[in-house]
Amino acid sequence: MRVNLKVPFAEKDEAKKLGARWDAARKIWYVENKPDMAPFARWAPSPHESSAGTEPVHKSAAPVKKQQAASMVIVGSAYVEQARVCDCLPWEVCERCEPTALSR
């Protein structure tokens, strides 16, 4: 079983001596199939963190605001049909429906 570790850069050599390995793709230290995890306890992730190698959440980052565009194509349960602005054919773009057209 693989367990990801939160090893600070200053302690990387100590973790490596104990048998931890570096996953360059995920940029994280980990151990696999170790029956005794006691030497790695101080680097073990907290209970709310996944050991699957997910990206850490930065608390200092500003929350992302969702923006909706009138021409956004939405599928699934969130689909809402846009109201027609004019009576032209759907593949034609007139000056009345140009602001809501996907492309010209």
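This one's a predicted model, so the numbers in the text were calculated from it and none came from an experiment.
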Test side-chain contact (heavy atoms from CB on, under 4.5 Å) on R21 and D23 and set out the steps.
-> CA-CA 7 Å; R21 302 196 53 161; D23 184 340; over 6 Å; no
Spatial distance of atom CG (L18) from atom NZ (K34) [nearest 0.5 Å] | 8.5 Å
CZ of F40 to CD of E14: how many Å apart, nearest 0.5 Å?
-> 10.0 Å
Looking only at non-hydrogen atoms, find the nearest pair between I28 and L5 and report the distance.
-> CG1-O, 3.5 Å
Atom NZ of K16 and atom CH2 of W29: how far apart are they, to the nearest 0.5 Å?
-> 6.0 Å
Closest non-hydrogen atom pair between V31 and M37, with its separation | CG2-CE, 3.4 Å
